[in-house]
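In what follows, a single structure is set out as structure tokens and then discussed.
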Amino acid sequence: MLGPGPETLAVGAFVALLIGSWLFTRVRGGSAGERQSRKRHQEAQQREPPVDIGDVETVAIREFTDHHSGERRAVGKIEGFVIFVEDVPDSCAVTDVIRVKILSFNRGHTSATATYLESA
């Protein structure tokens, strides 16, 4: 009886390499992007927010997201700190610059909620 041919061995080695690579990535903590995101989140938890409640700030809209309440929110950043803006008119678009008032922080103070005041 003959053993597996070279093609079978090559496919088996390739599959083993894929599984080994996947396991190594999982043990190491995910992709480079996931590790960088986790690192930035940890750093954000350790620093003071660059804004205070009641501050009026100017931000550019980076994107829109749907809040769990179903409301559309604009997303902006101040010194890398994420600001979720509510009550943004439908006429606003990504890259528009708006003025907002900071209302509150999330539990870990890693982001803030603000309300739209006007287009800047």
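These values consider heavy atoms only, across backbone and side chains, with no hydrogens, waters or symmetry-generated copies.
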On a heavy-atom basis, which atom in A74 and which in V88 lie closest, and how many Å separate them? CB-CG2, 3.7 Å
V59 side chain reached by I78 side chain, heavy atoms, under 4.5 Å: yes
Can you see which heavy atom on T115 is nearest to which on V85, and at what distance? C-CG1, 3.9 Å
V100 vs V56 side-chain heavy atoms within contact, under 4.5 Å: no
I53 side, atom CD1; L103 side, atom CG - distance, nearest 0.5 Å: 8.5 Å
I'd like to check E71 versus D66 (side-chain heavy atoms, cut-off strictly below 4.5 Å). Are they in contact? no
Distance, nearest 0.5 Å, that separates NE2 of H109 from OG of S104: 9.0 Å
F105 vs V51 side-chain heavy atoms within contact, under 4.5 Å: yes
Determine whether N106 and F84 satisfy the following criterion, side-chain contact (heavy atoms from CB on, under 4.5 Å), listing intermediate values before the conclusion. CA-CA 10 Å; N106 71 343; F84 294 99; over 6 Å; no
Distance col, row K77:NZ vs I83:CD1, nearest 0.5 angstrom, shows 10.5 Å
Kindly give the heavy-atom pair with the smallest separation between R47 and G80, and that separation in Å. NH2-C, 3.8 Å
Quick check: does any side chain N or O of R72 sit under 3.5 Å from a backbone N or O of P89, one acting as donor and the other as acceptor? yes
Where is the tightest heavy-atom contact between R73 and T113, given as atom of each residue plus distance? NH1-CG2, 4.0 Å
Any T110 side-chain heavy atom under 4.5 Å of V82 side chain: no
Closest approach of F64 and C92, non-hydrogen atoms and distance? CZ-O, 3.6 Å
For a quick test of reading the model, state the closest non-hydrogen atom pair linking D96 to S91 and the distance between them. OD2-O, 4.1 Å
Passes side-chain contact (heavy atoms from CB on, under 4.5 Å), I98 versus L117? Steps please. CA-CA 7 Å; I98 59 175; L117 297 176; over 6 Å; no
